[in-house]
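By convention in this document, chain letters (A, B, ...) are assigned in the order of the sequence lines, proteins followed by strands, and residues within each chain are numbered from 1. These numbers were taken from a predicted model, which means no experiment stands behind them.
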Number of protein chains: 2
Amino acid sequence: MTRAESETLLRSLGLRPTPQRMLILQAILNSPGHICAEDIYEQVREEYPHINISTIYRTLELLKEHHAISVTDLGQGSVLYELLKEERHHHMVCLCCGKILEFDHRFLEPLEASLEEGYRFKAQIDHFAIFGLCADCQGEEDD
Amino acid sequence: MTRAESETLLRSLGLRPTPQRMLILQAILNSPGHICAEDIYEQVREEYPHINISTIYRTLELLKEHHAISVTDLGQGSVLYELLKEERHHHMVCLCCGKILEFDHRFLEPLEASLEEGYRFKAQIDHFAIFGLCADCQGEEDD
DNA sequence: TCCAATTGTGCAATTAGTTGCATGTGCATA
DNA sequence: TATGCACATGCAACTAATTGCACAATTGGA
């Protein structure tokens, strides 16, 4: 993600494109898949050493509220962030071997539809992490 | 939940029924609905003042691993715990007014089935919190 | 009943994340 | 281009939760 692209994205969300925010966005995009706050912090600091970790967290919170990023706790001690694309996906985490699999958002559409029909509740599911046992581990005893 | 019942529950999970653990379990059950770690701590301390907060967290972690309790982050700053019953339920949290609604576990069964069919992944969904907009708030603009 | 092995606890230090407040910056308006 | 206001940031203090380690309690087996 270029500087110009991150500026455009921020403006489209109604957020001020400050240097800190642009660097944070770029760190998220330049990482393959998920990235944690501490890693964003390290990356941004290389170009902007004065940045404070609370700015990272506040920016991530803002981006989350605007559904620009997904926020996921895969049970690894710190939370992971990812840019939300058109093609949303979610994760299955194996409790036994730790493997992480992806599934497409359309698996959740029936659930969204039934909650809307049953309760008139409009779910905003940016990202789910579902824990369980993968195919390989279902025979195993160490759960 | 009586002392004897909590002892039985702990033994059935293969856990030692220590006084601390029995009091923690009783605090969870005696609370209507969800309870947070700090409130469990306060309650247990009345009968067992020497207890340490880390014992609370370690016991909760154990009970979670044994699927005896559910662990939920409703976005209130601290995580909530609840005894798992046969009739599992989940929550919808309105991002606009904060209202919390319940839905029955059977809404999730099609999802579990499709993940199993599609990926041979056996989901263990003890508790979900789904965020979105309730019926009353869907017209509002303050998201 | 006693004892060793195992498991659990308290304590203190640590980590991830949050908040209040004073200061600094970006942007619309003139 | 200047100016004021709203918004953003850094800093320091704080909270919720976790961890390593030494000591304590519980259990099964002699």
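Heavy-atom distances to DNA chain D give each of G77(B) and R58(B) a nearest nucleotide, and the one nearer the 5′ end belongs to G77(B).
The distance between atom CG of L23(A) and atom P of dG10(D), rounded to the nearest whole Å, is 11 Å. In this structure, CG of L13(A) is placed 15 Å from C1' of dC7(D), rounded to the nearest angstrom. The distance between atom CD1 of I53(B) and atom P of dT18(D), rounded to the nearest whole Å, is 11 Å. When the P atom of dA17(D) is taken as reference, atom CG of N52(B) falls 15 Å away, rounded to whole Å. Rounded to whole angstrom, the span from the CD atom of E61(A) across to the C1' atom of dC7(D) amounts to 16 Å. Computed from coordinates, the D73(A) CG to dA16(D) C1' distance equals 14 Å when rounded to whole Å. Atom pair E65(A):CD and dC7(D):P shows a separation of 14 Å (rounding to whole Å applied).
Within the structure, a side-chain polar atom (N or O) of Y57(B) is placed less than 4.0 Å from OP1 or OP2 of dA17(D). Considering only side-chain N and O atoms, T55(A) lies under 4.0 angstrom from the phosphate OP1 or OP2 of dG10(D).
Taking the salt bridge (Lys or Arg N to Asp or Glu O under 4.0 Å) definition, one finds that R106(B) meets it with D104(B), sequence neighbours left out. Judged as a ring pair (Phe, Tyr, Trp, His ring centres under 6.0 Å), and not counting sequence neighbours, the contacts of F103(A) are H90(A), F107(A).
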Quick one: side chains of residues 77-89 of chain B, donor-acceptor pairs under 3.5 Å with protein atoms, not counting sequence neighbours, listed by atom name and distance.
| from | atom 1 | to | atom 2 | distance (Å) |
| --- | --- | --- | --- | --- |
| E82(B) | OE1 | H34(B) | NE2 | 3.0 |
| R88(B) | NH1 | I125(B) | O | 2.9 |

Show me the donor-acceptor pairs, under 3.5 Å and distance only, between side chains in residues 48-55 of chain B and residues at least two apart or in other chains.
| from | atom 1 | to | atom 2 | distance (Å) |
| --- | --- | --- | --- | --- |
| Y48(B) | OH | Q20(B) | NE2 | 3.1 |
| N52(B) | OD1 | S54(B) | N | 2.9 |
| N52(B) | OD1 | S54(B) | OG | 2.9 |
| S54(B) | OG | R58(B) | NH2 | 3.2 |

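Put simply, CG on L60(B) and CD1 on I69(B) are 4.5 Å apart, with the number rounded to the nearest 0.5 Å.
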D126(A) and V71(A): CA distance, side-chain angles, deciding distance, side-chain contact (heavy atoms from CB on, under 4.5 Å) verdict: CA-CA 8 Å; D126(A) 289 337; V71(A) 182; over 6 Å; no
Using a 4.0 Å heavy-atom cut-off, write out nucleotides 24-30 of chain D from 5' to 3' as B (base contacted by protein), S (sugar-phosphate only) or - (no contact). -BBS---
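First and last contacts of DNA chain C with chain A, using any nucleotide atom under 4.0 Å from a protein heavy atom and ordered 5' to 3', fall at dA16(C) to dC27(C).
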